[in-house]
Amino acid sequence: MPAKQPKFYSPADAYVKATAFCAYQERTQQEVREKLYTYGLEEDEVEEIIVRLLQENFVNEERFAKTFAGGKFRLKKWGRIKIRLELKARGLSAYCIQKGMDEIDPEIYWDTLLELADKKNASEKEPNPLVRKQKVARFLLGKGYEQDLVWEAVNSVNEEE
């Protein structure tokens with residue numbers, strides 16, 4: 001089967017496609033810009049469409065950061081470090097990243113961390129308690145939680161045993 005040929009759109013058609021792309025789910029300027037370039041548009045046409053999408057509130061990076069951070073924390077149980085790095089990789093400003101981080105309630109964050117530590121500890125088959133603690137901690141660090149909180153959670157879960 002031959003490779004799919006890229007489609008080229010007029011700026012007006014590309015704008016309509018971009019509004020649908022943004023309406024489907026929150027997007028960053030970077031994501032929309034990359035999508036518009038796949039439509040065969042020139043740089044000035046892409047920037048014009050981005051400005052229009054920003055003015056009409058189809059693209060709002062602060063809203064994106066809040067939705068992304070809240071969602072990744074609630075659904076995937078990611079920690080602040082992993083969320084912050086992902087937002088940064090998507091080209092968001094420090095202000096937007098901070099707004100996203102503000103969506104995470106510290107109390108719920110701690111409860112989630114304890115719950116994850118407890119679940120991982122219960123499922124871990126390692127008999128040696130020190131190795132088990134290390135495995136649980138490594139898992140939580142991989143999820144993007146802060147090292148001091150991870151060890152506090154791991155130690156408090158092991159005290160309960």
What distance separates [X] [atom1] from [Y] [atom2], expressed to the nearest 0.5 Å?
X: Phe8; Y: Leu41; atom1: CZ; atom2: CG; value: 9.5 Å
X: Gln30; Y: Lys35; atom1: CD; atom2: NZ; value: 14.5 Å
X: Asn60; Y: Arg27; atom1: CG; atom2: CZ; value: 14.5 Å
X: Leu140; Y: Thr112; atom1: CG; atom2: OG1; value: 11.5 Å
X: Leu116; Y: Asp111; atom1: CG; atom2: CG; value: 11.0 Å

Are more than 12 heavy atoms, taken from residues, nucleotides or ligands other than [X], located less than 6.0 Å from that residue's [atom1] atom?
X: Glu47; atom1: CD; result: yes
X: Glu42; atom1: CD; result: no
X: Arg63; atom1: CZ; result: yes

[X] side chain vs [Y] backbone, donor-acceptor pair below 3.5 Å:
X: Arg132; Y: Glu124; value: yes
X: Glu146; Y: Asp148; value: no
X: Glu61; Y: Gln29; value: yes
X: Glu56; Y: Leu53; value: no

Minimum heavy-atom separation for [X] to [Y], with atom names?
X: Glu62; Y: Cys96; value: N-SG, 3.7 Å
X: Ala65; Y: Leu87; value: CA-CD2, 4.1 Å
X: Ser156; Y: Leu114; value: OG-CD2, 3.2 Å
X: Ala153; Y: Trp110; value: N-CH2, 3.7 Å
X: Leu92; Y: Ile97; value: O-CD1, 3.7 Å
X: Val136; Y: Ala117; value: CG1-O, 3.9 Å

According to a hydrophobic-cluster definition based on side-chain heavy atoms being under 4.5 Å apart (Ile, Leu, Val, Met, Phe, Trp, Tyr only), do [X] and [Y] belong together?
X: Leu141; Y: Leu85; result: no
X: Phe139; Y: Val131; result: no
X: Ile49; Y: Leu54; result: yes
X: Val32; Y: Val51; result: no
X: Ile104; Y: Ile108; result: yes

Heavy-atom distance under 4.5 Å between the side chains of [X] and [Y], does that happen here?
X: Lys77; Y: Glu115; result: yes
X: Ile83; Y: Met101; result: yes
X: Asn155; Y: Lys133; result: yes
X: Ile50; Y: Leu36; result: yes
X: Tyr95; Y: Lys99; result: yes

So ring pair (Phe, Tyr, Trp, His ring centres under 6.0 Å) across residues 18-41, not counting sequence neighbours, yields Tyr9-Tyr39

Contacts satisfying ring pair (Phe, Tyr, Trp, His ring centres under 6.0 Å) that involve residues 46-70 (not counting sequence neighbours) are Phe64-Phe68

Glu26/Lys66 salt bridge by N-O under 4.0 Å criterion: no

Query raised in the report: So, Lys135 versus Asn121: side-chain donor-acceptor pair below 3.5 Å or not?
Result: no

Within 45 degrees of the axis of the six-membered ring of Tyr145 and under 6.0 Å from its centre: does Arg80 put its NZ or CZ there?
no

Result for salt bridge (Lys or Arg N to Asp or Glu O under 4.0 Å) between Glu86 and one of Arg90, Arg84, Lys82 points to Arg90

